[in-house]
Protein chains: 2
Amino acid sequence: MSRATVSRVVNGSPKVSPEIVAVVTAAIERLNYVPNRAARSLASRQTQAVALIVPEDITRFFGDPYFAAVVQGITQRLDESEYILNLLVASSDPTHKTMRYLRSGNLDGALVVSHHTRDKFLADVEAMIPLVFGGRPANDTGPNTYYVDVDNIAGAETGTQHLLDLGRTRLGSITGPIDMPAGIDRFTGFQLTLARAGLEADAVEHADFTALSAAAAMRRLLERRPDLDGLFVASDLMATGALAVLREQGYLVPDDIAIVAFDDSPAAIGASVPLTTISQPSAEMGFAMADMLLRLLAGETDVPHRNIMPTRLIQRDSA
Amino acid sequence: MSRATVSRVVNGSPKVSPEIVAVVTAAIERLNYVPNRAARSLASRQTQAVALIVPEDITRFFGDPYFAAVVQGITQRLDESEYILNLLVASSDPTHKTMRYLRSGNLDGALVVSHHTRDKFLADVEAMIPLVFGGRPANDTGPNTYYVDVDNIAGAETGTQHLLDLGRTRLGSITGPIDMPAGIDRFTGFQLTLARAGLEADAVEHADFTALSAAAAMRRLLERRPDLDGLFVASDLMATGALAVLREQGYLVPDDIAIVAFDDSPAAIGASVPLTTISQPSAEMGFAMADMLLRLLAGETDVPHRNIMPTRLIQRDSA
DNA sequence: TTGTAAGCGTTATCAA
DNA sequence: TTGATAACGCTTACAA
């Protein structure tokens with residue numbers, strides 16, 4: 001039997017007689033044969049590997065339960081495929097090594113989460129291999145741009161409106177970083193809603209999606225506006241930071257200050273005051289990202305460029 | 001110029017004349033040449049890739065800041081090398097795909113974190129490629145077993161003793177899972193210390209290193225022993241879960257119940273009551289793991305099989 | 001120090 | 001449907 005035939009069996013070619021398939025399969029089983037990936041990649045020009053690019057400090061990445069859910073969704077989809085996942089923790093100034101790896105033809109495609117406007121190296125990557133973003137990319141222009149996201153503006157509007165509906169009138173916000181679309185959009189939703197209500201959106205402090213930065217922001221906010229009665233925070237994790245400061249300063253939540261957060265991650269339930277929050281389907285988003293990439297890799301031509309998933313208000317105790 | 005010479009330059013062979021090196025380097029730069037990894041692996045029988053095997057639910061893995069620190073240390077060391085990291089999230093029953101990947105010669109070595117006694121597939125992996133464990137492996141027998149750990153027993157003894165020194169006499173413990181060495185050892189340290197003091201170690205509940213499981217354990221404990229005055233919890237994350245229940249039930253920490261935790265992760269500082277905890281150098285441990293593996297891959301023969309790092313008591317507010 | 005040439009383990013093309 | 005045989009892009013003896 002020629003090795004060409006064996007190769008056909010291994011790759012499930014339809015044009016092999018059933019008997020031969022049986023014999024080869026048995027032999028493979030018996031010999032415990034596993035094809036060498038390097039040889040395979042070399043010959044087929046495919047690697048069966050995709051990367052998860054995280055242009056972020058790893059502590060921050062791991063620290064936010066939102067990412068845990070996204071990665072969970074990604075691995076879940078990938079588990080159904082033959083692709084494996086490479087973790088590339090690349091700061092905004094990716095190491096020489098990372099870029100080399102990206103261009104050494106070692107990846108069929110890549111997923112990007114938590115990217116900032118400053119991450120311009122991603123444009124180069126996009127030119128090399130299919131890329132799918134988690135969250136609208138900072139520069140949503142290219143014809144090769146694919147992403148999964150939620151309507152952050154609408155979500156923030158819903159959250160802010162909920163505060164208004166509760167009768168709160170002195171609203172503030174702790175935003176995400178203004179160099180990330182998710183940070184900007186949620187802030188925009190807050191502003192839009194306040195503008196519609198004829199209110200001033202000036203009780204605002206920026207943070208960077210960490211609990212620590214949010215705590216600092218909360219302190220600054222309280223100093224300027226000790227009479228706040230409502231707060232929209234751009235993520236659950238940040239809300240936990242804000243909550244800690246509020247308790248420390250004797251504010252009661254939701255009595256004194258009502259809080260609406262964003263994500264509906266485990267942090268929302270685990271918070272000292274269970275958080276009313278805008279839910280986004282994080283795991284499903286990860287799943288959808290991987291699915292989109294896989295379709296691209298399969299050569300499908302009708303893959304939609306964006307997949308905007310729904311958000312909804314989850315009411316708990318904080319507002 | 002022959003391609004052999006180019007290969008030598010690329011691989012930094014010492015036996016190439018400086019002028020040629022210069023010329024080739026310049027050409028590489030100009031042409032933006034990056035060697036093809038697959039071809040390289042095929043010829044050299046090396047992949048320059050190592051895996052991080054996580055035999056754990058991904059949510060749990062991401063949820064614990066301890067792992068964030070370990071991974072941070074790992075990537076930090078790997079960044080100095082030419083190796084890249086593959087993330088293999090393999091439950092205790094690894095998928096066929098995962099095992100295939102492991103045996104397809106695609107990895108030069110692997111790092112393992114958070115493993116349980118039930119993860120017997122790791123023995124097979126260890127027979128194939130160098131393996132370094134984060135935490136003493138469940139079956140520390142093989143001549144190929146390498147790991148980085150802290151002395152969990154001693155750490156737990158220090159923590160428990162601190163509670164005793166505070167004058168607390170009705171001590172309880174929320175342990176880690178008893179199918180993980182870290183869970184077992186910290187529990188042992190607690191028992192040993194109590195035995196030395198002539199105290200009964202029966203106010204104990206097992207949990208699984210998550211905040212949620214610890215909250216449940218705390219409830220069970222309080223039901224049985226409402227008069228507890230000291231608590232040793234096997235991780236910071238679990239302590240936050242316990243803290244929530246204690247507050248909910250009106251206990252004051254540390255007044256009513258003093259708590260000593262373990263890890264000294266960001267969760268310790270961020271807790272509603274900053275935690276007195278046993279610090280372990282998590283990031284350094286990750287760094288040491290990667291370093292150990294790299295030395296093994298470099299063919300060093302005198303690599304010590306175990307690297308036990310120090311713990312120390314960090315006093316904050318909870319005890 | 002440099003070049004020649006033989007692999008490395010597959011897939012893919014082309015005949016048969 | 002099957003089998004030769006040529007790539008795939010690099011490393012590495014071995015020669016020169």
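Since the model is a prediction, treat every value here as computed from it, not as a measurement. Below, chains carry the letters A, B, ... as their sequence lines are ordered, and counting in each starts from 1.
- Chain A approaches DNA chain C within less than 4.0 angstrom (heavy atoms of the protein), and the contacting nucleotides run 5' to 3' from dG9(C) to dT13(C).
- Here Ser17(B) lies in heavy-atom contact (under 4.0 Å) with sugar-phosphate atoms only.
- The aromatic ring centroids of Phe61(A) and Phe62(B) lie less than 6.0 Å from each other.
- With distances taken from any side-chain atom of Arg8(B) to the nucleotides dC14(D), dG3(D), dC10(D), the minimum falls on dC14(D).
- Exactly one of Phe133(A), Tyr147(A), Phe121(A) qualifies for a ring pair (Phe, Tyr, Trp, His ring centres under 6.0 Å) with His115(A). That residue is Phe133(A).
- Side chain of Asp263(A) to main chain of Ser265(A): no donor-acceptor pair is present (N/O by atom type, distance under 3.5 Å, no hydrogens or angles).
- Place Val34(B) and Ile20(A) on DNA chain D by their nearest nucleotides, and Ile20(A) ends up nearer the 5' end.
- Using a 4.0 Å heavy-atom distance criterion, Arg37(A) is classed as making no nucleic acid contact.
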(message) Pair Asp208(B), Arg60(B) - check salt bridge (Lys or Arg N to Asp or Glu O under 4.0 Å), show working.
(response) CA-CA 10 Å; Asp208(B) 68 1; Arg60(B) 194 169 301 179; 3.3 Å; yes
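- Looking at the side chain of Ala43(B), the nearest of the listed nucleotides dG3(D), dG9(D), dA6(D) is dG9(D).
- Val9(B) comes within 4.0 angstrom of no nucleic acid atom, judged by non-hydrogen atoms across all strands.
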(message) Go through it in stages, so that I can follow the logic: the residues are Tyr101(B) and Asn86(B), the test is side chain to side chain donor-acceptor pair (under 3.5 Å), and I'd like the CA-CA distance, side-chain angles, deciding distance and then a yes or no.
(response) CA-CA 11 Å; Tyr101(B) 184 66; Asn86(B) 281 196; 2.2 Å; yes
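- Gln48(B) has its CD atom 10 Å from the P atom of dT11(D), to the nearest Å.
- Note on Asn36(B): every side-chain N or O is 4.0 Å or more away from OP1 and OP2 of dC8(D).
- By the 4.0 Å N-to-carboxylate-O rule, Asp291(A) lies close enough to Arg77(A) to be salt-bridged with it.
- The CZ-P distance, from Arg45(A) to dA7(D), rounds to 13 Å in whole Å.
- A salt bridge does not link Arg306(B) to Asp149(B): none of the charged nitrogens lies less than 4.0 Å from a carboxylate oxygen.
- For the pair Arg3(A) CZ and dG3(D) C1', the computed distance is 11 Å after rounding to whole Å.
- In this structure, the CZ atom of Arg40(B) is 11 Å from the C1' atom of dG9(D), given to the nearest Å.
- Computed from coordinates, the Asn106(A) CG to dG9(D) P distance equals 14 Å when rounded to whole Å.
- Toward the 5' end of DNA chain C, the nearer of the two residues Val16(B) and Ser44(B), judged by each one's closest nucleotide, is Val16(B).
- Rounded to whole angstrom, the span from the NZ atom of Lys15(B) across to the P atom of dC14(D) amounts to 13 Å.
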